[in-house]
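All residue numbers in this chain count up from 1 along the given sequence.
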Amino acid sequence: MRRIWGWVAFLVVLVLVGVVVSRSHNSKAVSTAGRPPAAGTARGSGGAVTSVTVAKAISGELTAALSLTGTVNPVNSVQINPQTSGVVSSLNADVGTQVKAGQVLATLDDSGVSASNLASAQAALAQAQLQLQQEENPAAFATATSITQAKLAVDNATASLQQQQDALISAQQAVNITAPGAGNVEVVNVTLGAAVAQGESLLQIIAPNSPVLVMAQVPQTVTVATGQTVSVLVPALSTTTAGTVTAVGTGSAAQATTGVTGTSLTGKGATLVNPPGQAGYLNVQITLGNPPSGLHDGMTAQVDINMPQQGAATQIVQAAGTVQYQNDWTVTAPSSGSLATLTVNPGDSVTQGELLGTLSAPALQTAIDRAQAAVSQAQTALQQSEASLQALESPSPSPQATIDTQKQVVAEMQAALALRQQQVNELTITAPFDGTIQARDVSVGATVSPATPLFTLVGSGVNVQVPVPQQQAGQVKVGDAATIDPLDGGPALSAHVSSLSPSATSQSLTFTVYVTPDSGSSRLMPGSAVNVTITTAQVQGAIGVPAGTIQTINGQTQVYVVKNNVIALVPVQVGVSGLMGSSPTVMAQVTSGVGPGDAVVTSDTTYLAPGDRVVISGAGAPAGGGRPATGSGTARRATGSASAGH
C-alpha cells in the first residue's frame with residue numbers, strides 16, 4: 001500500500017511540473033509576439049504586425065440630443081359642471097365645436113324660481129334706498145317749483161354782483177396808474193401832489209435788453225446805407241460808441257426825382273419822413289452795438305459818418321441825432337387830478353399790470369365809492385338768495401343713528417340682490433376659455449346638479465409630456481431646442497422645452513419634461529404618441545472621435561492612437577456626445593489629448609499594447625498602402641512612448 005501511494009505522489013509532481021513549464025512557455029510567446037496570431041496579421045522585417053482600422057478625429061459643430069417618446073396633452077383642459085340644479089333647456093355646443101371664452105354653451109331652467117327671487121330682491125333694495133334718501137336728504141323731496149324759483153333768484157343775484165364788480169373795476173382804473181409792460185423805470189416826470197392832465201406823460205419804462213437807437217437826419221448828399229458803421233458821440237455822457245445803420249427812411253416827393261433810394265423807416269410806431277421844408281435830408285436809424293450806461297431816452301447825440309474822398313483823404317460828415325429805446329412805454333395819466341401815490345423810482349423793475357401809483361380827484365373817488373356800495377348790496381342780495389335755496393334743498397336730516405341703521409339695511413339688501421343675481425347667472429353655462437368641446441355628457445331635458453358633468457373643454461394649445469430617465473434628466477434645461485415628429489407623414493415640428501418636473505415619478509424613476517411646439521400644434525392630437533428629439537448641447541469647434549473608441553481603464557479615460565504606424569495609448573478628457581455633420585456615427589467630444597486628424601483605432605484593441613507596430617487597413621489607411629515604417633524594436637518602443645504622451 002505504501003508503494004502505491006508513492007507512485008501516486010510521483011505522478012502528481014510530474015503533472016504540476018508540466019503545467020508550470022507550459023505556462024512559462026506560453027508567457028514567453030505572448031511577450032515576444034504581443035498577441036496570438038490573428039487573421040489579417042502581416043509580417044514585416046521586425047516581426048508580426050497587426051492590421052487595424054482607424055478613424056480620423058474631426059473638428060466642427062457637435063450636437064448632443066436625446067431621442068425619446070412622449071404623449072400629446074392639451075395645455076388647458078377642464079370639465080364643465082353646472083353651479084346649480086335645474087333642467088337642461090338648451091345646448092349650444094357639441095363634440096368638436098370650437099368656442100370662445102364667455103360663449104354660451106348651455107342654459108338651465110329652474111321653473112322661474114331664480115328670476116322671481118331676483119325681482120323681489122331688486123324691489124326690496126329700491127325701497128330701502130328710497131328710505132335712506134329721505135332720512136339723509138329731505139331736500140330731495142322738496143317741491144320742484146319752489147327750488148326752481150330759488151335757483152333763478154340766485155342766478156339773477158350773481159349776474160347783478162358781476163355787473164357791479166365790473167363797474168367798480170372801471171372806476172378804479174380811472175385813478176390807478178399801471179405798468180403797460182415789464183421793464184425798468186427810466187424817467188419819472190412828476191412828483192407827489194403834482195397836478196396832471198389826462199394823457200400827460202408821467203414816467204417811462206424800458207423793456208429789458210431793449211436795443212438803443214439813434215434817430216438822425218443827414219444831408220441827402222451823404223452816402224449812407226444799411227449795415228454801414230458810424231461813430232456816435234453822446235455829449236451828456238462824454239462817451240463815443242460805434243453804431244450800425246439799420247434803416248434809411250424814404251425822402252419826400254421832391255427827393256424821389258433825384259434818385260435817392262432807401263427803405264420805409266419806422267421808429268416807435270411812426271414812419272420817419274423828412275419834415276416839411278427839409279427835403280434835402282434823409283432820416284437814418286442807427287443801432288448802438290454796445291450802448292454806454294447812463295443813456296436816457298431823448299438825449300442828443302452827434303453822428304460822425306466817414307465819407308471816403310479821392311485819394312487817401314476821408315471826409316467826416318456830422319449829423320445831429322436823438323437817443324431812443326426801441327422797446328419802451330410812456331405811462332400817461334388815465335385821468336386829470338393830482339398824483340396821490342407813486343411807488344416806483346428810476347431804476348426800479350416793474351411787471352406788466354403792476355400798480356405804480358394813484359391819482360386823487362373828488363369826482364373819481366365819488367364814482368368809486370358808489371361802485372363799492374353797489375357791490376356790497378349785490379353781495380348781500382346773493383347771500384340771501386343762496387340761503388333761501390339752501391333752506392329748501394337742505395332741511396334738517398334725520399338723527400345719525402337712524403341713518404346708520406338704514407345704511408345697514410341697504411347693505412344687507414345689496415348682498416341679497418348680488419346672491420340672487422348670481423343664482424340667475426348660474427343658469428347660463430359659458431366657456432371659461434377659447435377651445436374645442438372634447439366631450440358632451442348630457443342632452444336637452446336632463447336634470448342636472450353641480451355634480452353632473454356637462455362638457456369637457458380643451459384649449460387650443462398643446463404640449464408633449466416626455467418621460468426622461470433620471471440618468472439623462474440633468475442634460476435637459478428649459479429653453480432647449482427640440483423637434484416633434486407627429487407621425488402623420490409630414491415634416492417634424494420645431495419646439496422647445498417649456499418646463500421640467502421638479503421630482504421623479506416613484507415607479508419609473510423618470511422626470512417629466514414638457515415640450516411645446518413653436519407652431520403647427522393643430523397637427524398634434526391630444527392623447528397621441530410622438531417621437532421627440534431634444535437638443536441638449538451644441539458645441540462649436542468641437543474635436544470629436546467615435547464614441548466607441550473611448551475606453552476607461554482603472555479610472556483613466558483613454559483612446560488608442562496610431563502615430564507613424566505605432567500604437568499609443570493616449571489619456572483624454574471627454575465632454576458631451578452627439579452627432580457631427582452628416583455622419584450617423586455618435587461622436588464623443590474630446591477636450592484634451594487628441595487633435596483634429598489624429599488616427600484613433602476603431603477595431604478590436606484587446607491585444608494591442610503601446611509601442612506595437614500596426615498597419616492601417618480600410619478607409620482610414622494612409623496613402624501608399626499603409627505599410628508600416630521599418631526599424632528596430634528599440635525604435636518602436638521609443639515611438640510608442642512619445643505617442644502615449646500626446
With sequence neighbours left out, the residues meeting side-chain contact (heavy atoms from CB on, under 4.5 Å) with Thr483 are Ala492, Thr533

Can you name the side-chain contact (heavy atoms from CB on, under 4.5 Å) partners of Ser349, sequence neighbours left out? Asn184

Using the side-chain hydrogen bond (donor to acceptor under 3.5 Å, both in side chains) rule, collect all pairs that involve residues 370-379, keeping only residues at least two apart or in two chains. none

Just checking, is any N or O donor in the side chain of Thr287 or Thr246 under 3.5 Å from an acceptor N or O on the other one? yes

Intermediate values then yes/no, side chain to side chain contact (heavy atoms under 4.5 Å, CB included), Ile177 and Leu355: CA-CA 6 Å; Ile177 302 169; Leu355 181 64; 5.5 Å; no

Glu200: what forms a side chain to side chain donor-acceptor pair (under 3.5 Å) with it, not counting sequence neighbours? none

Polar side chain donor-acceptor pair, His496 to Asp480, under 3.5 angstrom: no

Filter on salt bridge (charged side-chain N to carboxylate O under 4.0 Å, His left out), then keep only pairs touching residues 143-168, sequence neighbours left out; what's left? Lys151-Glu393

If you measure only the distance, is there a donor-acceptor pair under 3.5 Å linking the side chains of Glu61 and Gln540? yes

Could you go through Ile534 and Val497, starting from their C-alpha distance and side-chain angles, then the distance that decides it, and tell me whether this counts as side chain to side chain contact (heavy atoms under 4.5 Å, CB included)? CA-CA 8 Å; Ile534 301 174; Val497 176; 3.9 Å; yes

Using residues 420-432 as the side-chain source, report each donor-acceptor pair under 3.5 Å to any protein atom, sequence neighbours left out, with the distance given to one decimal.
unit_1, atom_1, unit_2, atom_2, d
Arg420, NH1, Gln423, OE1, 3.2
Gln421, NE2, Asn425, OD1, 3.0
Gln422, NE2, Glu426, OE2, 3.2
Asn425, ND2, Gln421, O, 3.3

Spacing of Asn117 atom CG and Leu417 atom CG [to the nearest 0.5 Å]: 11.5 Å

Do Asp434 side-chain atoms and Ala101 backbone N/O form a donor-acceptor pair below 3.5 Å? yes

Rounded to the nearest 0.5 Å, the CD1 atom of Ile403 sits from the CD atom of Gln131 at a distance of 11.0 Å

Holding to side chain to side chain donor-acceptor pair (under 3.5 Å), I want the full list of residues that pass it with Asp369, two or more places apart in sequence or in another chain. Gln365

Return the minimal non-hydrogen interatomic distance between Ser498 and Val478, and the atom names on each side. O-CG1, 3.7 Å

Polar side chain donor-acceptor pair, Asp297 to Gln324, under 3.5 angstrom: no

Among residues two or more places apart or on two chains, list those pairs meeting salt bridge (charged side-chain N to carboxylate O under 4.0 Å, His left out) that have a residue in residues 394-409. Glu136-Lys407

Under the side chain to side chain contact (heavy atoms under 4.5 Å, CB included) criterion, do Leu203 and Leu342 qualify, and how do the steps go? CA-CA 10 Å; Leu203 51 88; Leu342 185 64; 4.2 Å; yes

Can you list the residues that meet the side chain to side chain donor-acceptor pair (under 3.5 Å) rule with Ser335, with sequence neighbours excluded? none

Can you find a heavy atom in the side chain of Phe433 that is under 4.5 Å from one in the side chain of Val78? yes

Rounded to the nearest 0.5 Å, how far apart are OG1 of Thr226 and CD1 of Ile286? 12.5 Å

Residues Thr107 and Val104: closest non-hydrogen pair is CG2-CG1, 4.2 Å

Shortest non-hydrogen contact from Ala333 to Leu359? CB-CD1, 4.3 Å

Using the side-chain contact (heavy atoms from CB on, under 4.5 Å) criterion, which residues pair with Ser338? Sequence neighbours excluded. Ser360

With a 3.5 Å distance limit and no angle check, can you tell me whether Thr158 reaches the backbone of Val154 through a side-chain donor-acceptor pair? yes

Between Ser160 and Asn156, is there a donor-acceptor pair closer than 3.5 Å when you use the side chain of the first and the backbone of the second? no

Hits for side chain to side chain donor-acceptor pair (under 3.5 Å) against Ser201, two or more places apart or cross-chain, chain-then-number order -> Asn189

Checking Gln406 side chain against Ala128 main chain: does a donor-acceptor pair fall under 3.5 Å? yes

Hey, does the side chain of Asp348 reach the backbone of Val344 with a donor-acceptor pair shorter than 3.5 angstrom? no

Taking every heavy atom of Leu233 against every heavy atom of Thr239, the minimum-distance pair comes out as CD1-O, 3.3 Å

Worked verdict on Leu105 versus Asn92 for side chain to side chain contact (heavy atoms under 4.5 Å, CB included): CA-CA 5 Å; Leu105 305 180; Asn92 302 323; 5.7 Å; no

The residue among Ile205, Thr332, Val350, Thr330 that forms side-chain contact (heavy atoms from CB on, under 4.5 Å) with Pro180 is Ile205

CG of Leu339 to CG of Leu202: how many Å apart, nearest 0.5 Å? 7.0 Å

Gap separating the CG atom of Asp304 from the OG atom of Ser231, nearest 0.5 angstrom: 5.0 Å

Identify all side-chain donor-acceptor contacts of residues 288-296 below 3.5 Å with residues at least two apart in sequence or on another chain.
unit_1, atom_1, unit_2, atom_2, d
His296, ND1, Glu186, OE2, 2.5

Minimum-distance pair of heavy atoms, taken over all atoms of Val515 and Ala495: CG1-CB, 3.6 Å

Side chain of Gln103, backbone of Lys100: donor and acceptor closer than 3.5 Å? yes

Side chain to side chain donor-acceptor pair (under 3.5 Å) evaluation trace for Thr229 with Thr244: CA-CA 5 Å; Thr229 301; Thr244 302; 4.7 Å; no

Rounded distance (nearest 0.5 Å) linking atom NZ of Lys477 with atom CG of Leu500: 10.0 Å

Search all heavy atoms of Gln228 against all heavy atoms of Asn306 and return the closest pair with its distance. NE2-O, 4.0 Å

